[in-house]
Amino acid sequence: MANEADKVTHPTGEGACTRREFLWRAGIAGAAAAGAIGLGFALHNRPTRRAAEDLRLKDYRVPPVDGPKLVVTKGDNVEKMLRACLDRIGGMKRFVKAGDVVVLKPNIGFASPPGVGATTNPEVVGAMSRLCIEAGARQVWVTDNPINDPQRCVEISGIAAAAEANGARIFLPRQDAFRTVLEPANQRLARWSFLYGPFEKATVVIGIPAVKHHSLAGATLGMKNWYGLLGGPRNQLHQDINTSIADLATLVKPTFTVLDGTRVLFRNGPTGGSASDVRVERTIAVGLDPVALDTYGASMLGKKPEELPYLAEAQRRGLGTTDLKAAGIDLLGGARVGGQG
Amino acid sequence: MKLVLTRRISQAFFLLLFLFLLVVADFRWAGGYPLNLFLTVDPLLAICTALAAHTLYAGMILSLLVLVPTIFLGRFFCGWVCPLGTLNQMMSRLFASHDRKTQVEHNRYRPIMTLKYYILGAMLVLAAFGVTQVGLLDPISLLTRSLAAGFFPAAAAVTGGYGIPERLFVAGWALGGMLLAILLMNAVLPRFYCRVVCPLGALMGLVARLGAFQVFRSRSLCIQCDRCQALCPAAADPQMRTRRAECYLCLNCREVCPVDAISLRSFPADHESVPGPDLTRRRLLVTGVAAALSVPLLKGSVRSSSLPPSGVIRPPGSEPEGDFLAKCVKCGECMKVCPTNVIQPALLESGVEGLWTPVMVNRVGYCDYQCTLCGGACPTGAIRSLSVEEKLGRPPFTKPVKIGTAFVDRTRCLPWAMNMPCIVCEEVCPVSPKAIYIERAEVVNSAGEKLVLQRPVIDPARCIGCGLCENRCPVFDKRAIRVTSVGESRSERNILLFRDAQPEAKPSEGEIEG
């Protein structure tokens with residue numbers, strides 16, 4: 001049955017909207033429909049997890065030349081000692097050039113004062129910062145992802161003050177500074193969370209480890225120092241520590257490494273906690289061969305390379321040699337292989 | 001005119017000061033600031049902790065600086081200083097009606113406003129019997145706790161933590177939610193919490209009886225226009241006989257009166273104002289009896305002070321549990337200032353009286369070896385302020401402060417239960433010599449390979465219970481090494497080791513030595 005109202009609106013044009021109104025309303029309806037359809041298709045089956053990006057660390061080493069791969073010296077003036085060592089392998093200018101962005105990685109793992117020996121001597125960090133700036137670096141970052149709270153660590157260890165007094169800046173770990181880094185040559189650390197922030201623009205990377213006893217690994221020296229750049233569940237590395245340390249040295253190939261042997265934490269490491277756990281050795285070593293450097297560091301703790309299985313694994317992978325003579329070791333200023341004991 | 005402006009500036013100043021002190025209560029910035037200033041000068045917290053613990057801790061004597069002027073001036077604290085009062089007032093303005101009749105209706109005195117006096121009474125009686133619960137409702141304590149454990153972590157969660165330390169607190173939503181509810185109640189009645197609940201306001205109200213300066217309305221000049229009634233935040237009835245116990249001295253009435261009928265007057269006659277609140281003897285009796293009898297009910301239950309729960313690890317420097325519960329006002333300053341976020345608000349682990357008192361949760365954080373910030377932040381001395389020497393047992397102290405002991409769960413520990421290497425716990429143990437030492441064992445793993453495993457063993461004499469081991473154990477869900485409270489220095493009963501138990505015994509007179 002036809003409705004009276006229908007007869008009224010249609011034929012005579014009553015109740016119809018104006019053309020302008022029609023265009024406007026039709027337009028809005030069309031836009032709403034298009035928006036809904038577009039949004040629907042855009043979201044359709046969108047993956048909820050983003051695929052991992054292919055992020056790799058650069059190889060920061062400089063081309064090798066003939067000569068010693070490891071220089072060791074003893075003394076009291078840290079800056080003089082560093083210069084003496086570096087001069088034997090080409091001088092700072094071989095490694096740091098004008099405009100470089102340098103990342104210094106000391107051991108800032110614990111919120112302990114320098115005398116405890118659980119962290120790198122702040123004087124060494126300060127001197128290295130100064131040397132980098134002198135060589136023309138445009139930015140020097142000092143960084144670590146410590147065990148204790150980062151702010152407390154950089155302050156209590158004295159490293160923040162030393163770095164900032166010498167022109168460097170501290171890069172504290174933040175959640176958004178971590179990225180997943182790939183290293184296909186690795187077994188355990190083929191894909192791991194890494195404090196990538198300071199590495200974004202880095203052209204030079206220098207490790208500055210301390211020399212410490214470590215029950216599980218035997219010792220914590222240059223290769224294990226890169227642990228401090230890891231994020232994620234890194235407390236799992238201990239389940240396969242020797243492979244993991246070799247993986248760390250495969251992952252991070254620094255320009256060179258400075259071994260801080262000014263103080264040695266020879267027992268109760270890596271935390272220490274008593275002055276009687278520390279021995280003053282007044283030694284600094286600069287190495288281009290990470291395995292040789294760690295072999296020397298182990299000797300300062302009275303350990304032979306056979307006692308640290310990770311060294312053999314690293315040597316097997318071609319990262320260096322435990323044979324100090326083959327590596328070419330230069331002993332200056334009364335330095336010897338082996339600690340004072 | 002000028003006085004109301006001064007009052008607003010004062011409110012803004014104290015609110016900003018309060019927020020500033022709370023923001024800098026952070027291990028990076030705390031040095032030198034009187035972090036717990038507002039808690040320290042809070043007379044209600046001073047009176048209750050003094051009743052419960054029979055001592056007035058350190059700076060809390062400064063609460064006299066608030067209490068004594070209140071005796072003479074009235075509730076200026078509520079109108080000019082209290083940060084929660086200021087927040088409530090701001091929210092009330094936000095929700096305020098613009099119709100004068102509705103405003104007058106909202107600001108009329110209601111009998112429910114006597115509730116806060118009974119709450120005060122209950123709190124005082126409980127405190128007199130050694131049970132301190134006043135911190136749950138005291139405005140300064142409440143605001144500190146709700147912001148520190150609720151709102152600030154919320155801000156960090158939303159902003160991704162830039163500049164704001166990322167903190168997580170157990171049931172932080174409830175702590176923040178309490179403040180949110182209070183702020184929203186201003187939509188029901190202006191300054192609802194201040195008028196109906198606040199026990200500090202009630203204390204001020206009782207003490208303001210003597211009031212030297214009070215708001216006085218001249219009957220001859222007053223034209224009953226209701227303007228003052230519409231703007232009174234305290235519902236103190238300025239157009240009638242002003243209620244001295246409610247008036248905040250905000251002076252809105254004085255400013256808005258078109259005929260200048262309202263003035264500040266010293267010692268107005270009693271018949272011109274209502275000096276005290278309308279408390280009936282009967283209701284007071286009910287309150288007092290209920291509070292008094294609930295204490296024996298509490299004492300007849302298992303309490304954390306008599307039977308220490310293993311999961312209740314208190315911050316280093318904490319008083320023995322009975323004294324602790326008498327002094328702790330649940331303000332949350334310790335939680336705010338702790339650098340590792342290990343201090344968490346308890347739920348019922350230490351009993352109903354321990355709600356929102358601080359406990360260590362090692363899955364979240366751990367006690368930083370060199371840190372003593374919690375004791376420094378505590379306003380009541382529930383956590384004593386320790387020097388680093390005292391905490392670590394360095395000279396002149398002989399033994400470190402222990403807050404518990406770690407136990408290796410050999411059914412979950414990787415080297416003990418699964419023939420897998422680990423010893424992260426030994427690695428991170430901060431004491432020297434370490435409280436975790438190594439036992440070697442030759443095992444054959446699932447691949448048939450022989451291994452020499454290093455297995456962790458605790459030396460309970462060295463362990464201080466800091467929890468770094470538990471915090472770093474890779475068995476992430478239920479850690480394979482867990483700290484419990486036994487061995488804590490502050491307890492005489494909750495101890496593990498024989499030789500630590502007895503103090504040096506002195507023979508009494510007449511007894512034969514040896």
Side-chain angles (χ1 to χ4, degrees), chain A residues 109-113 115-119 146-157 160 172-177 212-220 224 227 232-244 265-278 307 309-310, chain B residues 26-29 31 160-163 165-166 338-342 365-371 373 388 392 394 400 414-415 418-438 440 445 452-456 462 464 466 468-469 471-476 479:
Chain A
F110 299 94
S112 299
V116 169
T119 51
I147 306 293
N148 298 138
D149 174 84
Q151 185 68 44
R152 288 178 67 82
C153 288
V154 298
E155 274 180 30
I156 296 179
S157 65
L172 286 177
R174 300 187 312 258
Q175 269 204 14
D176 63 355
K212 305 195 291 180
H213 161 261
H214 194 276
S215 290
L216 186 64
T220 170
K224 191 167 167 309
Y227 180 94
R234 57 184 183 173
N235 53 2
Q236 295 172 356
L237 266 63
H238 306 67
Q239 297 168 34
D240 193 1
I241 194 66
N242 296 309
T243 307
S244 300
L265 183 64
F266 67 92
R267 67 174 181 211
N268 287 314
T271 53
S274 164
S276 62
D277 296 333
V278 179
E307 295 175 58
Y310 77 83
Chain B
D26 179 294
F27 67 94
R28 293 169 289 181
W29 308 315
Y162 275 99
E166 294 177 55
C338 174
T340 66
N341 200 194
V342 66
Y366 59 90
C367 186
D368 189 299
Y369 194 55
Q370 314 258 357
C371 173
L373 288 169
V388 175
L392 303 185
R394 301 220 171 112
L414 297 178
M418 303 189 188
N419 287 348
M420 289 173 65
C422 184
I423 63 164
V424 176
C425 53
E426 185 266 358
E427 175 179 325
V428 297
C429 178
V431 299
S432 171
K434 288 186 188 278
I436 303 177
Y437 61 95
I438 305 295
R440 283 189 161 73
N445 69 7
V452 175
L453 271 185
Q454 291 169 304
R455 290 171 161 169
R462 297 177 185 165
I464 56 171
C466 75
L468 187 44
C469 52
N471 189 259
R472 296 300 144 131
C473 175
V475 187
F476 204 62
R479 310 288 161 102

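All values reported here derive from a predicted model rather than from experimental measurement.
- To the nearest 0.5 Å, atoms CZ (A/F110) and CG (B/D368) are separated by 11.5 Å.
- Heavy atoms closer than 4.5 Å to chain A are found nowhere in B/Y369, neither backbone nor side chain.
- A donor and an acceptor atom, one from each side chain of A/T271 and B/K434, are located under 3.5 Å apart.
- Neither the backbone nor the side chain of A/P233 has a heavy atom closer than 4.5 Å to any heavy atom of chain B.
- Contact annotation for B/E427: both backbone and side-chain heavy atoms come within less than 4.5 Å of a heavy atom of chain A.
- Residues A/R152 and B/C371 have side chains in contact (heavy-atom distance under 4.5 Å, counting atoms from C-beta outward).
- Distance check, rounded to the nearest 0.5 Å: CG of A/N148 to CG of B/N471 gives 10.0 Å.
- If you tally non-hydrogen atom pairs under 4.5 Å between each of A/Q239, A/Q175, A/H214 and chain B, the highest count goes to A/Q239.
- Here the side chain of A/Q151 pairs no donor or acceptor atom with the backbone of B/R28 at under 3.5 angstrom.
- Distance alone, capped at 3.5 Å, places no donor-acceptor pair between the A/D149 side chain and the B/T340 backbone.
- Residue contact with chain B, scored on non-hydrogen atoms closer than 4.5 Å, is absent for A/E155.
- Ranked by non-hydrogen atom pairs under 4.5 Å with chain B, the options A/G109, A/S112, A/S215 are led by A/S215.
- Counting only heavy atoms from C-beta outward, the side chains of B/I423 and A/H238 never approach each other to under 4.5 Å.
- A pairwise comparison of heavy atoms in B/P474 and A/Q236 identifies CB-CG, 4.4 Å as the closest pair.
- Between B/V424 and A/L216, every side-chain heavy-atom pair lies at or beyond the 4.5 Å cut-off.
- Neither the backbone nor the side chain of B/L392 comes within less than 4.5 Å of any heavy atom in chain A.
- Only the backbone of B/P430 has a heavy atom closer than 4.5 Å to any heavy atom of chain A.
- A distance of 12.0 Å separates CG of A/D240 from SG of B/C422, quoted to the nearest 0.5 Å.
- Counting only heavy atoms from C-beta outward, the side chains of A/P113 and B/Q370 approach each other to under 4.5 Å.
- By number of non-hydrogen pairs under 4.5 angstrom with chain A, the leading residue of B/C429, B/P433, B/P421, B/P415 is B/P421.
- For a residue to count as touching a neighbouring chain, one of its non-hydrogen atoms must lie under 4.5 Å from one of that chain's; by this rule B/V431 touches chain A with the backbone only.
- Checking each of A/V116, A/L265, A/D277 against B/S432 for a side chain to side chain contact (heavy atoms under 4.5 Å, CB included) leaves exactly one that passes, namely A/D277.
- At a 4.5 Å heavy-atom cutoff, the contact between B/C473 and chain A is made by backbone atoms alone.
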